[in-house]
Amino acid sequence: MNAVLQPYTPIALRNVTFTYAGATEPALRDVTLAVPAGQICAVIGRAGAGKSTLCALCTGFVPHFFRGRLSGDAVVDGLSIASHPIAELVRHVALVSGNAFSQISGARFTVYDEVAFGLENLGVPRPEMIERVEWALRALGIDHLRDRSPYDLSGGQQQRIVIAAALAMRPPVLALDEPTSQLDPPAMAELADVLRALSRQGITMLVAEHRLEWIADLAERVVALDRGAILADGAPADVLTDPRLCEHGIGWPRPAQMAARARAEGRWAPDRPLPITVAGLAAGLRAAASDQDSVNGQDNASCLPAMRPQNELDGVSPIDRDAEPIVTLDEVRFTYPTGVAALRGVSLTVRRGERIALVGRNGAGKSTLVRHLNGLLRPSQGRTLVGGVDTRTTTVARCARHVGVVFQDVRNQLFARTVRDEIRFGPRNLGFTPEKVHALVEAAIDALDLRDVVDEHPYDLPPARRRLVAIAAVLAMDTALLVLDEPTAGLDNASIGLLMRLIDDLAARQRSVLVVSHDLDFCYETLDRVVLMRDGQIALDRRFAELDDAEMEALDEDVGLPIALRLRYVSM
Amino acid sequence: MQRTGLFIERAGFLQRLNPLTKVTGVLLLIGATFLLPAPLTGAALLAGVLLPLAFVSLIGRRFLDILLKTLLPALISLVLVQGLFFPTSDPTTVAVGPLLFRRAGLQFALNTGSRLLVVAGAPLLLFQTTHPGTLVQGLIQSGMPRSIGYILLVALQLIPAISERAVGVAEAQRARGLETEGNVLQRIRGVLPLISPLIVGALVEAEARAIAIEARAFNAPGPKTWLRDIPDPRAEYAARIMMLAALGALIVWRIAWFFSG
């Protein structure tokens, strides 16, 4: 008799439980998962839910690099993880994680050589090595960077190098841990295309990711983790609209949320399933609109979902255009010592109570502009007033009384032994009384939901909470303007919700917020005014609610549109 | 940002040579400077070998520029100190303006100074004409452990990266009201928030990098291959043997001379 032929299962986990050495709670609990060949399996969950541990397990870094207690069976590409060293597993499975900078080997001087580094170590013959490197560079669209130093490139470009380097090793299984964390929307779409092409070639992928909209478009299957255990596992359309996701703080992709809201308002057929993609949302809304048309002949546009920013719905008073200015840039030009003219005549006023999104492509001048807001950079021409004082006649520390900045790389900021000490540092520098420092610190701890970790070392927290600590540390300085550079990078939906509430609360207290972000949906839902930078100049400065067609087109061209505006834009 | 150390990309003579040939040349030159007893050996090697090589490698000006900028203070003090105070029974002096130099002292300064120039100049020429990646690959292919090669290259590339990080740390802390522009006391208070993110960052970075190179199969068993081929013509191999033989001969000759003298 023929034995039943078991189909080849590249990732086969059975009852896997793993507890990191020194930890009391397991990071993975009784996980059973079989991923067939060529499948793109997404792993979602809150920060600390076990996504990264799962990726590390499938590549052998758990338990061979990060030690701990492992039970159950983990077999990847036919090899038992527990009984094979990483050096052997790398031929079968590759790991790409979110922080690209630290994954660059440092041993090679050009992008081309960097991508070849792993192949040299595997002993791939030279002609094949060249062929694979060329393929990987083309697949990730970084062919033109081949002779550059990997260290001279942007985070998004470095991310693509790291993925290219992993792909060149041609592993049958690929584990990607938050691969989009440093990518802008166009780069995310390109990466999705690359991964789909790889899937067609039979490569099996495990993709841990916070960006549910991206997952909804890409994955063939979604596994939701909660505190190390599988909460839901199935087709994206089912898992991503599972009510348990909301109960456990993971949330739904935006199209599902918007359709749910539309359903509550009677603009979505009750029996129609919730969509997870924008296309599905648009189709459902059109269907609902034509139904209503036939009933009462209403105009299409009135059936579209709430498209105005959340805050206007909340009834927050509109911006007072004569409110006191916090920062004023007056025809500011700035040229770096290298000769790069980063700002070419920028005028901008930030008033009390404003919520501003600063958007633009990489290299448009956003970072340079942010560094002018607190005097870190001083104009080559023109002038910047912070709290009414010219930045050329004051110090950065004095500007910090008016403007607090949280930079994107929080590693540069955190240094204290405990979360509380870290948050206390800023207000103490500003010379507040001990009572005021105490009150501000405690308020910031509560605002960012850090009460349970106040005595821990910031570096012992998962990266997402570390970012919240960095934000709390600047929030506690109680400045008139809070500047956040890419605050949502790597945050789960629950933390993003926290951030949204914080911004609303600040606006209600007449504090201003300026957010630099690629996440247009977050900007649209949380902020009022959008400033688009292009080539060192302000190309657009409007309130979201007042954008006209031409302005939306300009925004779309450079940074894309939020889903809500995309629907309106497409339907017109 | 320059991440390849002293290397200058030119299509000159030394740039075409195998790095091992150049390393052997450096060893021979440094050996010869000390082993050859004749006065002015250093000066002769500098003018007769190093400078012509630098010029046929199209980097003569930048070679001299770095060599002199680095060593000029040492050379001047050598001439002054040895020229004026060299202990000698030879009463001959040379007057330069109001200063009376002892002839033996000047000679000593000239010998030592020109040797110094060769000892510093030969490796400088090696680094200016050899890409660090090629140099390390050459050394690994001739037996140096790969891990040492890796450490050398990472250090070279990460030093500029760390200095960029330092700028980022200073920006983040100044934005939190840390006064770095004030008096000494304020600046000392500001050191901890500036240094600790760098150190913690470096430790975290070290772990991440260990994962990164593991993930790139650095420790995979089996033979390795190289993307780039470093040409090693037979003539260069022969040249290396001859240079090593010459160095050996010099050592033997010097020892014999020492015992016979």
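FYI, side chains are in, hydrogens and waters are out, and symmetry mates aren't considered; it's all heavy atoms of this structure. Letters A, B, ... are given to chains in the order of the sequence lines, protein chains preceding strands, and every chain is numbered from 1.
In this structure, CZ in B/Arg216 is found 11.5 Å from CG in A/Leu95, a value given to the nearest 0.5 Å. Between the CD atom of B/Gln157 and the CZ atom of A/Arg108 there is a distance of 9.5 Å, given to the nearest 0.5 Å.
Within the 4.5 angstrom heavy-atom criterion, no atom of B/Val136 approaches chain A. Heavy atoms of A/Ala94 lying under 4.5 Å from chain B are absent altogether. The contact between B/Val154 and chain A is made by backbone and side chain atoms together, counting heavy-atom distances below 4.5 Å. Contacts of B/Pro221 with chain A are made by both backbone and side-chain atoms, with heavy-atom separations under 4.5 Å. Using a 4.5 Å cut-off between heavy atoms, A/Leu122 touches chain B through backbone and side chain atoms alike. With a 4.5 angstrom heavy-atom cutoff, A/Glu114 touches chain B via backbone and side-chain atoms both. Residue contact with chain B, scored on non-hydrogen atoms closer than 4.5 Å, involves the side chain of A/Tyr459 exclusively. Proximity to chain B involves both the backbone and the side chain of A/Val405, based on heavy atoms less than 4.5 angstrom apart. Only the side chain of A/Phe66 comes within contact range of chain B, with heavy atoms under 4.5 Å apart. For A/Val403, the part lying under 4.5 angstrom from a heavy atom of chain B is the backbone only. Contacts between B/Tyr150 and chain A at a heavy-atom distance below 4.5 Å involve the side chain alone, from C-beta outward. Contact annotation for A/Glu422: both backbone and side-chain heavy atoms come within less than 4.5 Å of a heavy atom of chain B. Neither the backbone nor the side chain of A/Leu89 comes within contact range of chain B; no heavy atom of the residue lies under 4.5 Å from a heavy atom of that chain.
Scanning both residues, A/Phe407 and B/Ala175, for their nearest heavy atoms gives CE1-CB, 4.0 Å. Taking both residues in full, the closest heavy atoms of B/Glu214 and A/Ala87 are given as OE1-N, 4.5 Å, listed atom of the first, atom of the second, then distance. The minimum heavy-atom distance between A/Ala397 and B/Gly177, with the atom names listed, is CB-O, 3.7 Å.
With 3.5 Å as the limit, one finds a donor-acceptor pair spanning the side chains of A/Asn121 and B/Arg146.
By the 4.5 Å heavy-atom criterion applied to side chains, B/Glu207 and A/Phe65 are counted as neighbours. Between B/Glu164 and A/Tyr151 there is no side-chain heavy-atom pair separated by less than 4.5 Å. The closest side-chain heavy-atom distance from B/Leu153 to A/Phe109 is below 4.5 Å. Counting only heavy atoms from C-beta outward, the side chains of A/Asn412 and B/Glu171 never approach each other to under 4.5 Å. The shortest side-chain heavy-atom distance between A/Asp113 and B/Leu227 falls under the 4.5 Å cut-off.
Note on B/Pro223, B/Ser196, B/Ala215: by heavy-atom pairs under 4.5 Å with chain A, the leading option is B/Ala215. For the set B/Gly201, B/Gly149, B/Pro132, the count of heavy-atom pairs under 4.5 angstrom toward chain A peaks at B/Pro132. Ranking B/Ala155, B/Ala212, B/Pro197 against chain A, the residue ahead of the rest is B/Pro197, based on heavy-atom pairs under 4.5 Å. Between chain A and the options B/Val200, B/Leu152, B/Ile151, B/Leu194, the largest number of non-hydrogen pairs under 4.5 Å is found for B/Val200. Contacts with chain B were tallied for A/Gln103, A/Arg371, A/Arg126; A/Arg126 has the most, counting heavy-atom pairs under 4.5 Å. Counting heavy-atom pairs under 4.5 Å between each of B/Gly222, B/Gly168, B/Pro193 and chain A puts B/Pro193 at the top.
No donor-acceptor pair under 3.5 Å is formed between the side chain of A/Arg411 and the backbone N or O of B/Arg165. Checking side-chain atoms of B/Arg209 against main-chain N and O of A/Ile104 turns up a donor-acceptor pair under 3.5 Å. Between the side chain of A/Ser102 and the main chain of B/Glu205, no donor-acceptor pair closer than 3.5 Å is present. Listed for the B/Gln173 side chain is a donor-acceptor partner under 3.5 Å among the backbone atoms of A/Gln413.
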